[in-house]
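This chain uses plain numbering: 1 for the first residue, then up along the sequence.
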Amino acid sequence: MVTTSCEADAFIGIFEVAYLSYALLSSVETGVSVMIDSDVFDFVERCRKHTATGPLLDDLLETARNLGFEHLILSGVPLGGQKLAPMVELNGWPAGWFERYVEAEHAAVDGVCIYSAKTLKPFLWSEVPAKWSDTEGSRRVAGEATEFGICSGFAVPMLSVHHWQSVLSFASSAKCCALSPRHQVQLVTMAVYAGMSIQALSNDNDDDEGLLTDREKEVLLWAAAGKTSSETSQILGLTERTVKWHSTRAREAFGVATTTQAVVEAVRRRLIHP
């Protein structure tokens, strides 16, 4: 969802108050210091000032290390044959692991990646249901990851303006992540603000308006209304072949496999309004 700066600030204020209330309640119940919470809020404040992805990544990695995470990646979740590499927005994986992951197309079989497209609930990697985590392919990915010091993790799926869905995955060399509910909230808070910052930077740098021609937008609008290529051709006074060509160009512009996915992307980016 795209918001104005005033709306975003209002949302941020509400989110901070709600989170602080939760953190203070947790400290009363457990007797644990809330010092780490100040680290999280310091990161949130710095997020508003970052003007490039490099410093944002370094800042997020440094803060996440307080909870035992040495690596992370923020990416769109690939669907329908999409490639992972163009969807990556913050790459804090170990040297060599990203290249192997992409080259071997691990995203298609990795249980963590697959489950990230099916839920908006944050989860420990160990909580991925067996139907996705206990496959031969997923076990192979997990085994190879340990060669690069990645043994466990915590994933935060998020809605995204530029992708069907995004996920920020924190990785640890520890065999098992021992995260309290409060620590999970801290990671979710950092992930959400990092994602918001990336989207803000992307909106500043990218001109989505030039992605589609007016005709491509028309074709997608009629597809969103449930019209076939044949019906759209009659409505617009074009040949069916021309309509299909515009649909193909729209799919290529978003890097998706189907016209339905192109419609979703166009709606998310506010390029069309069905």
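Counting all heavy atoms, side chain and backbone alike, Leu56 lies closest to Ser197 at CD2-CB, 3.9 Å. Between Ala194 and Phe43 the shortest heavy-atom distance is CB-CZ, 4.4 Å. The minimum heavy-atom distance between Gln165 and Thr119, with the atom names listed, is NE2-O, 2.8 Å. Annotation for Ser116 and Val167: closest pair OG-CG2, 3.5 Å, computed over non-hydrogen atoms. Nearest heavy atoms, Ala85 versus Val102: CB-CG1, 4.2 Å. Closest of all the heavy-atom pairs between Ala108 and Ile114 is O-CD1, 3.6 Å.
A donor-acceptor contact shorter than 3.5 Å links the side chain of Glu99 to the backbone of Gly96. Formation of a donor-acceptor pair under 3.5 Å by the Ser233 side chain with backbone atoms of Val243 is not found in this model. A distance-only check finds no donor-acceptor pair linking the side chain of Glu147 to the backbone of Trp97 [under 3.5 Å]. For the pair Gln82 (side chain) and Leu79 (backbone), a donor-acceptor distance under 3.5 Å is present. With hydrogens and angles ignored, the 3.5 Å screen pairs a side-chain donor or acceptor of Ser152 with a backbone N or O of Ala174. Judged by distance alone, the side chain of Arg251 and the main-chain N or O of Thr258 form no donor-acceptor pair under 3.5 Å. A donor-acceptor pair under 3.5 Å links the side-chain atoms of Ser172 to the main chain of Gly68, judged by distance alone.
A donor and an acceptor atom, one from each side chain of Thr242 and Thr239, are located under 3.5 Å apart.
Distance check, rounded to the nearest 0.5 Å: OG of Ser173 to CZ of Phe148 gives 14.5 Å. Rounding to the nearest 0.5 Å gives a distance of 8.5 Å between CZ of Arg65 and NE2 of His71. One finds the SG atom of Cys151 at 8.0 Å from the NZ atom of Lys175 (value rounded to the nearest 0.5 Å). Leu67 contributes atom CG, which lies 8.5 Å from atom CZ of Phe170 (distance to the nearest 0.5 angstrom).
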Is there a side-chain contact (heavy atoms from CB on, under 4.5 Å) between Leu60 and Leu168 once you walk through the steps?
CA-CA 11 Å; Leu60 182 56; Leu168 201 162; 3.7 Å; yes
Yes or no on side-chain contact (heavy atoms from CB on, under 4.5 Å) for Phe69 and Leu179, after CA distance, side-chain angles and deciding distance?
CA-CA 11 Å; Phe69 294 97; Leu179 289 174; 3.8 Å; yes
Evaluation steps, side-chain contact (heavy atoms from CB on, under 4.5 Å), between Met190 and Val40
CA-CA 7 Å; Met190 291 190 292; Val40 174; 4.1 Å; yes
Take Gln186 and Asn66 through the test side-chain contact (heavy atoms from CB on, under 4.5 Å) and record every step on the way to the result.
CA-CA 11 Å; Gln186 291 166 347; Asn66 291 330; over 6 Å; no
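Side-chain contact between Phe254 and Leu271 is present, with at least one heavy-atom pair separated by less than 4.5 Å. Contact annotation: the side chain of His183 never approaches that of Phe154 to less than 4.5 Å [non-hydrogen atoms, C-beta and beyond]. Using a 4.5 Å heavy-atom threshold, the side chains of Thr63 and Arg46 count as touching. Between Glu105 and Lys83 there is a side-chain heavy-atom pair separated by less than 4.5 Å. In this structure, the side chains of Trp222 and Glu231 stay at 4.5 Å or more apart for every pair of heavy atoms. Residues Glu216 and Leu211 are not in side-chain contact: their nearest non-hydrogen atoms beyond the backbone lie 4.5 Å or more apart. Proximity of Arg215 to Leu238: side-chain heavy atoms (C-beta onward) are separated by under 4.5 Å at one or more points. Counting heavy atoms from C-beta outward, Arg182 and Asp37 have side chains that approach closer than 4.5 Å.
Heavy-atom neighbours of Arg249 CZ from other residues, nucleotides or ligands within 6.0 Å: at or below the threshold of 12.
Ring centroid separation for the pair Tyr115 and Phe123 comes in under the 6.0 Å cut-off.
Taking the six-membered ring where the residue is Trp, Tyr101 and His106 present perpendicular rings, their angle passing 60° and hence far from 30°.
Ion pairing of Arg139 with Glu136 is absent here, as no side-chain N (NZ or NE/NH1/NH2) approaches a carboxylate O to less than 4.0 Å.
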